[in-house]
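Here is the structure we will look at, set down as structure tokens.
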Amino acid sequence: MKKRILLVDDEKSFTSLLQLNLEETGRYEVRVENWAEDAFQAAKQFQPDLILLDIIMPRMPGGNVAALIKEDPELKATPIVLLTAAVRKHQVEENEGIICGFPCLAKPVSLETVVEAIEKHARVRAEA
């Protein structure tokens, strides 16, 4: 069963490339949302196993999206991994991979690093 990944980032070229690369592994179904204010509804509909979330986006910060998700009874158990250029790799390392209470990856990031984070943090669904 493929893991469902919701990728929320306003950089369309980045999301298109990451979606393509993740789906080419054959292990993931990826839904992209380029507008933060639409991410909560996308999560409700898609029911992802993990959300990759940018912090700095126009109109609504990623932190607000994360708060909405964590307040929702259906979504609060959904793991969120921050994927952002707002912090540097050394800052992530100094904080043992956690920024603002969430696992974090600093851009630029390799596909291998993203896959490792997905495999480490994604929730496991029961086989149907």
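Quantities reported herein were computed from a predicted structural model and do not represent experimental measurements.
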Note to self: As a test of understanding, state which of Thr15, Asp9, Asp10 forms a side chain to side chain donor-acceptor pair (under 3.5 Å) with Asn34.
What the structure shows: Thr15
Notebook entry, point to check: Is the shortest heavy-atom distance from the side chain of Glu33 to the side chain of Phe46 under 4.5 Å?
Noted result: no
Notebook entry, point to check: Okay, side chain of Arg31, backbone of Arg4: is any donor-acceptor separation there less than 3.5 Å?
Noted result: no
Next item on the list: Could you go through the side chain to side chain contact (heavy atoms under 4.5 Å, CB included) check for Leu22 and Leu18 one step at a time?
Entry: CA-CA 6 Å; Leu22 286 172; Leu18 185 54; 3.9 Å; yes
Check: Can you check whether Cys104 reaches Val81 side chain to side chain, under 4.5 Å on heavy atoms?
Finding: no
Notebook entry, point to check: So do the side chains of Thr78 and Asp49 get within less than 4.5 Å of each other, counting heavy atoms only?
Noted result: no
Next item on the list: Could you list the residues that satisfy side-chain contact (heavy atoms from CB on, under 4.5 Å) with Glu119, not counting sequence neighbours?
Entry: Lys3, Arg27, Tyr28, Val115
Check: Do you reckon Ile98 sits in the same ILVMFWY cluster as Ile80, going by side-chain contacts under 4.5 Å, direct or chained?
Finding: no
Check: Are Leu17 and Leu83 grouped together when hydrophobic residues (ILVMFWY) are joined by side-chain heavy atoms under 4.5 angstrom apart?
Finding: no
Margin query: Set out, in order, the CA-CA distance, both residues' side-chain angles and the distance that settles side chain to side chain contact (heavy atoms under 4.5 Å, CB included) for Lys70 and Leu75, then state yes or no.
Written below: CA-CA 6 Å; Lys70 292 303 176 186; Leu75 296 174; over 6 Å; no
Notebook entry, point to check: Between atom CZ of Phe102 and atom NE2 of His121, what is the distance when rounded to the nearest 0.5 Å?
Noted result: 12.0 Å
Notebook entry, point to check: For Thr113 and Ser110, does a side-chain donor sit closer than 3.5 Å to a side-chain acceptor?
Noted result: yes
Note to self: So does Ser13 get a backbone contact from the side chain of Ser16, meaning a donor-acceptor N/O pair under 3.5 Å?
What the structure shows: no
Next item on the list: Give me the one residue out of Ile69, Ile5, Leu6 that meets side chain to side chain contact (heavy atoms under 4.5 Å, CB included) with Pro48.
Entry: Leu6
Margin query: Would Leu105 and Val92 count as a side chain to side chain contact (heavy atoms under 4.5 Å, CB included) here? Give the steps.
Written below: CA-CA 7 Å; Leu105 301 175; Val92 173; over 6 Å; no
Contacts under 3.5 angstrom, residues 50-67 side chains, donor-acceptor by atom type, not counting sequence neighbours:
residue : atom : partner : partner atom : Å
Asp54   : OD1  : Thr84   : OG1          : 3.3
Arg59   : NE   : Glu37   : OE2          : 2.7
Arg59   : NH2  : Glu37   : OE2          : 2.6

Notebook entry, point to check: Any side-chain heavy-atom pair from Glu23 and Lys2 closer than 4.5 angstrom?
Noted result: no
Check: Distance-only, no hydrogens or angles: does the Asp72 side chain make a donor-acceptor pair with backbone N or O of Glu74 under 3.5 Å?
Finding: yes
Notebook entry, point to check: For Gln19 and Leu7, which heavy atoms make the closest approach, and how far apart are they?
Noted result: N-CD2, 4.4 Å
Checklist line | side-chain contact (heavy atoms from CB on, under 4.5 Å) partners for Gln41, two or more places apart | finding: Lys44
Note to self: Could you check whether any side-chain N or O of Gln91 sits under 3.5 Å from a backbone N or O of Arg88, counting only pairs where one atom can act as donor and the other as acceptor?
What the structure shows: yes
